[in-house]
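All values below were derived from every heavy atom in this structure, side-chain atoms included, with hydrogens, water molecules and symmetry-related copies excluded. Chain naming here is simple, since letters A, B, ... match the order of the sequence lines and numbering starts at 1 in each.
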There are 2 protein chains.
Amino acid sequence: MSAIRTPHAASRRARGQDARAPRAGSATGAAFSPLYRQIKALILQGLDRGEWKPGEAIPSEMDLAARFQVSQGTVRKAVDELAADNILVRRQGKGTFVATHHEEQVRFRFLRLAPDNGNPSPASSRVLECRRLRAPADVARMLELRAGDSVVQVRRVLSFNDVPTILDEIWLPGTLFKGLSYERLSVYRGPMYGLFETEFGISMIRAEEKIRAVAASDADASVLGVAAGLPLLSVERVSYTYGDRPVELRRGLYITADHYYRNSLN
Amino acid sequence: MSAIRTPHAASRRARGQDARAPRAGSATGAAFSPLYRQIKALILQGLDRGEWKPGEAIPSEMDLAARFQVSQGTVRKAVDELAADNILVRRQGKGTFVATHHEEQVRFRFLRLAPDNGNPSPASSRVLECRRLRAPADVARMLELRAGDSVVQVRRVLSFNDVPTILDEIWLPGTLFKGLSYERLSVYRGPMYGLFETEFGISMIRAEEKIRAVAASDADASVLGVAAGLPLLSVERVSYTYGDRPVELRRGLYITADHYYRNSLN
DNA sequence: TAGTGGTCTAGACCACATA
DNA sequence: ATGTGGTCTAGACCACTAG
């Protein structure tokens with residue numbers, strides 16, 4: 001019964017490091033951060049460093065609690081938020097795992113086009129081109145690069161039941177996607193974000209989209225096999241990895257004659 | 001120290017009522033429901049009954065814990081989920097409140113169209129017509145009514161900075177919106193869902209949208225002041241109130257020349 | 001049988017709002 | 001000073017998985 005650790009000693013210790021400092025300013029907006037958010041940030045750092053890879057298990061809650069010197073409940077709350085963000089996946093009795101794009105379940109998290117009738121059928125991809133070039137100004141801005149930095153441009157067509165439906169133009173930072181080539185993309189089967197994970201260690205965890213209706217240009221119409229002027233859904237997506245770093249710009253044109261873009265408002 | 005309530009007595013008691021029964025079947029899919037979800041369901045029932053109205057405070061966590069004979073922590077977890085669903089809003093030091101559409105903050109939760117440049121400006125609504133008629137088959141199906149049931153149809157134009165941008169066609173169950181009229185709608189300022197709340201006691205808490213690109217018909221083009229054939233964003237929305245009951249079908253046509261539909265993928 | 005996440009409780013203290 | 005939600009801890013037990 002000696003050397004009793006006073007209750008909350010751990011929390012006070014941990015908190016004293018980085019939660020006390022930014023307390024004063026109000027104009028700066030620097031906010032107080034509770035312990036479980038600091039733990040969340042530490043776990044995110046581990047994921048960013050690649051300490052645990054997509055599909056792998058992270059340490060148990062007890063282990064993490066011991067490692068960070070906090071209670072299991074505090075770790076639990078941090079992991080709860082990461083699971084709510086779809087960054088971690090909990091499996092009762094087995095452990096907590098890093099989310100991966102190599103799962104049927106997750107396939108339609110970033111592919112919002114659904115068929116009017118019937119069940120979602122698997123998409124097949126045909127790569128049109130893959131080349132490295134200097135980033136145009138608008139692309140550089142959205143990827144937070146400098147104009148002229150190296151980027152990879154991929155163009156491809158997605159088909160459902162062999163019907164071309166989506167024309168994608170994808171821009172990626174050249175430094176992050178060194179070995180990406182037309183051959184590598186053509187051989188690959190499965191979701192592109194799965195390839196990015198395993199080959200380049202880039203995990204897409206969030207994206208913002210801007211959606212418009214546009215008329216098909218002659219060139220786009222010819223690739224998609226539709227009449228020029230047909231209304232198409234224009235979807236401009238910026239995808240982010242850990243730390244809210246943009247790592248992909250994707251411009252898609254969707255034929256919405258037999259499909260629709262689904263969305264839920266909560 | 002006498003008459004000590006055994007630990008977990010409350011949970012066993014509450015659980016015994018409805019969580020024990022559906023335990024056996026697996027083909028039925030009837031799932032085990034933890035206490036906090038039962039509490040969540042009870043709070044939802046209270047909201048559905050109108051026990052607490054939008055904008056009002058619900059009882060404190062301690063009060064709810066006493067009422068339902070569970071610990072504060074269990075109530076907390078139930079309220080946490082309702083807050084995550086945007087059904088309740090927590091305010092530290094003040095209480096927990098029923099979410100309402102009468103708030104600037106919430107204005108853009110169901111209005112996803114944002115301007116290309118500048119800040120979102122308030123929308124002004126011009127009502128074209130409001131009439132009661134028999135539900136067409138497709139409308140009846142989506143509102144879970146019988147074909148021929150009474151419905152209210154509203155058509156209106158939303159403008160930003162006096163520029164017509166959205167043409168809405170709205171269908172509502174006639175029995176739920178008895179006093180709704182052209183006059184009432186024309187006089188009202190503010191979000192339509194706010195009117196539905198205060199005048200008809202209908203809270204919209206969730207919606208599903210199907211989005212397409214279409215060409216403007218002659219009639220629609222003339223109302224919106226654009227050329228026929230212009231690509232427009234077609235947004236078909238079904239809105240739900242408590243208990244996942246559909247209470248609105250809304251078909252919108254958006255001009256996306258100077259605006260875009262924003263969406264986040266998590 | 002052991003280890004994992006899932007649930008529930010109890011109590012302490014902090015932060016914020018209001019009277 | 002009081003009451004609200006917010007955080008953190010500690011410990012018990014349940015449910016699921018796997019060796």
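The residue among Gln92(A) and Ser71(A) whose nearest nucleotide of DNA chain D lies closer to the 5′ end is Ser71(A). Between Arg37(A) and Gly93(A), it is Arg37(A) whose nearest contact on DNA chain D lies nearer the 5' terminus.
Asn161(B) CG: 12 or fewer foreign heavy atoms inside a 6.0 Å radius.
Considering only the side chain of Lys77(A), dT7(D) comes nearest among dT7(C), dG5(D), dT7(D). Checking dC8(D), dC8(C), dT4(D) against the side-chain heavy atoms of Ser60(B) singles out dT4(D) as nearest. In the set dT4(D), dG5(C), dG6(D), dG6(D) carries the atom at the smallest distance from any side-chain atom of Arg76(B).
The side chain of Arg90(A) contributes an N or O atom lying less than 4.0 Å from OP1 or OP2 of dG6(C). Between Lys94(A) and dC16(D) there is no side-chain N or O to OP1 or OP2 distance below 4.0 Å. An OP1 or OP2 oxygen of dG5(D) is reached within less than 4.0 angstrom by no side-chain nitrogen or oxygen of Arg91(B).
Considering all non-hydrogen atoms of both residues, Ile87(A) and Leu47(A) come closest at CG2-CD1, 3.7 Å.
Sequence neighbours left out, the pairs with a member in residues 190-202 of chain B that pass salt bridge (Lys or Arg N to Asp or Glu O under 4.0 Å) are Arg184(B)-Glu199(B).
Applying the Watson-Crick and G-U wobble criteria (two distances, each under 3.5 Å), dG19(D) pairs with nothing in any strand.
Between Asp63(A) and Gln72(A) the shortest side-chain heavy-atom distance does not fall below 4.5 Å.
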